[in-house]
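Just so it is clear: chains get the letters A, B, ... in the order the sequence lines come, proteins before strands, and each one is counted from 1.
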Amino acid sequence: MSAAISNPSPAAALWATGAQKILAFAGLIFLVIGFSLASPNFMQTSNIISILQAASVNGVLAVAATLVIITGGIDLSVGALMTFCAVICGVLLTYMGLPLPIGVAGAILAGIASGLCSGTFVAKLKVPPFIATLGMMLILRGLSLVISGTRPIYFNDTPGFTEIATGSIVRNFLPFLPIPNGVLILFAVAGITAYILGRTILGRYAYALGSNEEALRLSGVNADRWKIGIYAMAGGICGIAGVLIASRLNSAQPALGMGYELDAIAAVVIGGTSLSGGRGTILGTLIGALIMAVLINGLRILSVAQEWQTVVTGSIIILAVYIDILRRQRAAAA
Amino acid sequence: MSAAISNPSPAAALWATGAQKILAFAGLIFLVIGFSLASPNFMQTSNIISILQAASVNGVLAVAATLVIITGGIDLSVGALMTFCAVICGVLLTYMGLPLPIGVAGAILAGIASGLCSGTFVAKLKVPPFIATLGMMLILRGLSLVISGTRPIYFNDTPGFTEIATGSIVRNFLPFLPIPNGVLILFAVAGITAYILGRTILGRYAYALGSNEEALRLSGVNADRWKIGIYAMAGGICGIAGVLIASRLNSAQPALGMGYELDAIAAVVIGGTSLSGGRGTILGTLIGALIMAVLINGLRILSVAQEWQTVVTGSIIILAVYIDILRRQRAAAA
Amino acid sequence: AAQDLDIALISKGFQHQFWQAVRMGADQAAEEFGVNVTFEGPDSETQVDRQIDMLAAALARNPDAIGFAALDSQAATPLLRQAQEAGIPVVAFDSGVDSDIPIATAATNNLAAAALAADKMAELIGGSGKVALVVHDQTSRTGVERRDGFVNQIEAEYPDIEIVSIQYGAGDHLQSTEITKSILQANPDLAGIFGANEGSAIGVVNGARELGRDDVAIIGYDSGQAQMTAIREGLMAGAITQNPIGIGYETVRAAVAAINGEAVEEEIDTGFYWYDADNIDDEEIQAVLYE
Amino acid sequence: MTPLVSMRDIDKSFPGVHALKSVQFEVLPGEVHALMGENGAGKSTLMKILSGVYSKDAGVIELDGKSVNVTSPRQAQELGIGIIHQELSLMRDLNAAQNIFIGREPRSAGNFVIDEKRLNADTAKLFAAMHLKLDPKVQVESLTIAKQQMVEIAKALSHKSRVLIMDEPTAALNDAEINELFTIIRQLKAEGVGIVYISHKMDELKRIADRVTVMRDGEYVGTVPAADTPVEKIISMMVGRAISDEPPTIPDLKDAEVLLEVKNLNRGREVQDVSFSVKKGEILGFAGLMGAGRTEVARVIFGADSMQSGEIFVHGKKVSIKQPRDAVRAGIGYLSEDRKQFGLATGMDVAANIVMASVERFISPLGVLKNKEIRDTAREYIKQLTIRTPSERQETRFLSGGNQQKVVVAKWLLRDCDVLIFDEPTRGIDVGAKSEIYKLLNKLAEQGRAIIVISSELPEILRLSHRIAVMCEGRLTGILPGGDTPQEEIMRLATQRASATTTPANGRAA
Ligand SMILES: Nc1ncnc2c1ncn2[C@@H]1O[C@H](COP(=O)(O)OP(=O)(O)OP(=O)(O)O)[C@@H](O)[C@H]1O
Ligand SMILES: Nc1ncnc2c1ncn2[C@@H]1O[C@H](COP(=O)(O)OP(=O)(O)OP(=O)(O)O)[C@@H](O)[C@H]1O
Ligand SMILES: [Mg+2]
Ligand SMILES: [Mg+2]
């Protein structure tokens, strides 16, 4: 209400947000240019597609993690849940011989069920998210081994299963750009989640939960129920990741997924989402996942020794986030 | 002051806190009794010592993580830092042939130096602790491989090195109770840290940082410097863990330590320390580390299949924390 | 009576198919000899201390014999000595233990096996060209021995073959896939890749398939359904297999013999084999492969 | 007339605190019923029970004569009970409109998608009705406490409740906004809404309340009509004694040393070319409307925000202040207006908070804390400021708002600075404690300190200040003598430029 509130013209405001959004890509663009200059093998359609594909599983998991992190929680179970859903999919399709859509639906439902469990532990039993999802991680890891009989399950009897992630619908229209379906699935999952976060009640309450859960409760909203809903949605997305990875490997590997949770969370945080909840975007998470994929791919293309790859990755993650912080400070000051 | 405030007698209050403290052990005692009934092999001196020894490295790391978590941060680098310090110790003792005390001091100093880095990233560059320590984790993991030449370094030329963790001073006094020195080191580290947290200015500011950093800053305290100090102290403790594990394995294994950060943080949270900072105790962390060690050891003694061990561990971690939450609620209501 | 015998096997891994095959062999022997066998191993081959804790817990159980595949022999020595003092016989398996405590060792010679892979690779690419390795681990004994066995053989025998890249994928199928793709991207003229364990080998096949590179000679290690299919379909030229079922079986057999005070052979070489599309269905090969 | 709400024999205990002892309270339709009492008397607790936040231990709540059991905030809303909480409970990361309609978002498309357009339009309408110039899409985090309070009020109004509870709604508001709020309250009254009004500002009683219920130490003291009960009577009901209220005696400071001098301070729009000085023994009051930049000036002097240009002299020596530590070293203390965010570590106990700025005084050479001394010091200040707490070991988050404020005051008293800046020192503090704090400020000045008091309550400024600095939109528009300066003169300087609300300032600035 003070005259101190400046009212820039809508056009200028639009431009400013536009510039802002582009700048968020700064780290990514910087890396891409750097690697392109360093190696001629980097900037090639096939490699860009490889990078996108490499980002797809981690990207989907990171989208799931973003949802939970926005509510002020954390989800350590994403990797184990992905594996569990892949195994469920394998059991349904290969062991039980059910048709493909049922296998996919089963994987996603398994994810939702697991999300409902984590969510209930967190919202109803008040177990801290870190512990609830750490416990779920161990439980799911064990169950994946039990259910699969500690053997990988192959999808050889389900023709078309590998197409889910590795086929390319785009190729039919743009033969020179054979983007695999897995990448499309990542973008679809990200787009839908971004819409839900930005435009629906579920999204609104996700931010509200992370911002001030008590205030949300005092506003008469059934905060617990919504929180469980968000964990369930995150679980469902992990189910999609499970289908994706199973399709890509044409098998459900019951021991896969260790350490994936940290990668996913790292993508989320690099993308500017705050671990204390209340703020964050899916676009940021996507960029975060891409930054990680580009970085690792680029270092490998440059044949950097693996021990140094780790060192460089660590440094650049810190640097990328630091640059992002500086950018925000500038933006806030301007 | 209002008459409404009840003033229980000091004796009653003392009793209440006493009971409170005992009850905090409830989960642990419950597990110990359960396993003792289930297997005669569990409750034996040698096995209890094995459990303590298994808890010692994770316990020391958890103590380090507790410090950082109390300030409202998180430390994902504890495992990698432990390994790095072990490698430094190996380089000093085996490659350079320096005397034992220098090796130990070098490891601890390396830990402090790394803690100073993380602390500076967090306090000065405002990089979120999750990212700063994740980056440090990767950097240290890479450096451990680089420095060691991706080979384990053995301490065969340093007689007495294995005694640090596996020897037993206690045995000289109590021959029937050969508690290894590693366990004593855990208790010493825990005791000293508990004292520092509870009774010194560093501890006071650690809690204040986690409780309301801005308020501390506006009280004229150089909050950044103290925060860096706390990260450095945590780093030094990881250095001790590095010596401990190197001594136990009589070698510095440069690839060790992956996933140890989650175990350490789990012990902290099981011990009742809040991940949002401002509250937590070392005693709780110790109990948390013991609960984890007892659980895993007990399940092994009972010959539970490994895949089910994971499932049971996950469930019990959630349950233990849930019971602790109930206990607190009761205590608050009483 | 024998039913009460308790044998604890501590392996280097658990979830990987190779270790499950070892477990299968151990279970076969357990059934045959009527003993109880437990099988445990850490999540990854870097977790030396976790393995020590497992060994300690197994000792606390006071078993009749222990089978042990050491991640690091030195680290385990004090506990092994403890076993010896308690009169519990120890059988080493997989890659041996540098110590005189084990009464027998059932193992594969990894160095020799990887050298065989190098010979086959040279044969496949005609003695010259660029090759790369995707290995599961940079520090563990199996990882190091297979890498060195392959590299040393190439360097010693095939001067025209250049090793352009050695990367490590933790045996994780997906990570190994991505690694393979970047190696191929960086070296478009690569002639062959060696995947040093099952997960790595499948990752290599996957990566080459995703990039549509069927011109690269791929050699794998161990078996499993995916590798066998890849070999039958011609995606993989062939692979080295150990005899994991035999390792597990022999370990338990030796343990039972030791408990019963019978004489046991000190070195049980369980052998390794090269298999490809031609001999994969041979009885001898089928006996050492696992699905 | 059947009361809209009637609460009888309400009992409530917290660990260590018997907060309500058989309390009764009622609201008639169309009545403004003020609830008064000292800090910690139990006002907020009683209202939290009515609005479903806490459950009562014993007692009856009747709505329209029918006994009800209010178990959750949602149920209270459904019963038509709305509340503005004393502690701001907004979601920092959401914008104003999103906050106001949280839980009741207008929806389109299958009842799941939010109709953001209507949400913003409804909010804009609401703001317009309150004469509030605020963008519905503004992030609440970026708003000052006062504006956040206005958003809270808008949120409560949007509920169209039959009973509206306002727990210290004006604590952070200036006169213009208070007038606006009162207009709204009168309107609601006319519609038959029953209003519970909690405030520590005595003058508001006469202007708005119909009846007054007084509580003391968790007990019901009595209910009296507002119009014909003298304020002194109400105060004595609250504190059990009379409180005198004399104007300041302005000391002669002609020869006193200038302790703090600020020259040409600049920081963006909020602080523009501010220069002033404070002498030893002087109390300089800072008046101005909300957002005038007083807090910002204080923060810049204290080093909490960086200055763009300007000079600061303490004891005539130029000091460079880059962070709060430098300021504290130079002998400047700052008591923030937002105690929760900047003043208190709410998870720590009272003693820890009191010694927060002076821990270094309580350590042995090795850094070990002298716990006994800390405890004794804390107890001393608890006694001196009559902080209501079971013990010095109680966590500050369990203290009532006013008592939390006293803890922050104690912190700076203990630190013993030469220059003390008090930003809204009596926000949310009851009359009894207020006059104690006034006495304290006077005593501190007499001891030779330089005191700056920032306050949005003109009576307070007039009651305390030896000189009055007035700010408007980041500029220092004048410095007036203390004592009998007319309020109109202050308001003229405070509104020298555009007003805060859409209607013209005339008649509202009084
Ligand atoms: N959640 C709680 N836990 C423990 N004690 C509490 C809690 N809430 C309130 N109290 C205590 O109950 C008493 C009444 O507090 P209440 O907040 O109702 O006071 P108030 O009259 O609103 O005071 P103020 O004017 O300062 O806001 C105080 O002693 C307070 O410390
Ligand atoms: N940290 C901040 N970030 C952004 N804007 C700020 C910040 N602090 C203050 N402002 C803005 O600066 C202006 C001056 O605010 P300030 O708080 O100094 O005023 P004040 O006179 O103390 O008023 P109040 O009664 O609101 O405390 C306001 O428009 C406010 O919105
Ligand atoms: Mg109150
Ligand atoms: Mg202010």
Donor-acceptor pair, side chain of B/N212 and main chain of D/Q341, under 3.5 angstrom: yes
- prompt: Under 6.0 Å from the CZ atom of D/R361, do we count more than 12 heavy atoms belonging to anything else shown?
  reply: yes
message: Can you tell me which portion of D/I363 sits under 4.5 Å from chain B's heavy atoms? Options are side chain, backbone, both or neither.
response: side chain
message: Under 4.5 Å from any heavy atom of chain B, what part of D/L20 do you find: side chain, backbone, both or neither?
response: neither
query: Any Lys/Arg nitrogen of B/R279 or D/E395 sitting under 4.0 Å from an Asp/Glu carboxylate oxygen of the other?
result: yes
task: Using a cut-off of under 4.5 Å on heavy-atom pairs, state which of D/L344, D/V408, D/V328, D/I332 scores highest against chain B.
output: D/L344
statement: D/L369 and B/G198 have their tightest heavy-atom pair at CD1-O, 4.3 Å
Closest non-hydrogen atom pair between B/R199 and D/N371, with its separation: NE-ND2, 3.0 Å
- prompt: Any chance CZ of D/R397 has more than 12 other-residue heavy atoms, nucleotides or ligands included, within less than 6.0 Å?
  reply: yes
query: Does the side chain of B/I201 reach to within under 4.5 Å of the side chain of D/F362, using non-hydrogen atoms?
result: no
field: Interchain contact, D/A352 with chain B, by part (heavy-atom threshold 4.5 Å)
entry: both
message: Using every non-hydrogen atom in the two residues, find where D/K411 and B/S219 come nearest and quote the distance to one decimal.
response: NZ-OG, 2.9 Å
task: Could you pull out the closest heavy-atom pair between B/Y207 and D/M348, with the gap in Å?
output: CB-CE, 3.6 Å
task: Give, as side chain, backbone, both or neither, the part of D/F302 having an atom under 4.5 angstrom from any heavy atom of chain B.
output: side chain
- prompt: After noting the C-alpha distance and the side-chain angles of B/R204 and D/V355, does the key distance pass the side chain to side chain contact (heavy atoms under 4.5 Å, CB included) rule?
  reply: CA-CA 10 Å; B/R204 176 56 57 90; D/V355 300; 3.8 Å; yes
- prompt: What are the two closest heavy atoms between B/S211 and D/G347, and how far apart are they?
  reply: OG-N, 3.3 Å
field: Smallest separation among heavy atoms of D/F342 and B/E214, with atom names
entry: CD2-CG, 3.2 Å
- prompt: Any donor-acceptor pair under 3.5 Å linking the side chain of D/R325 with the backbone of B/G220?
  reply: yes
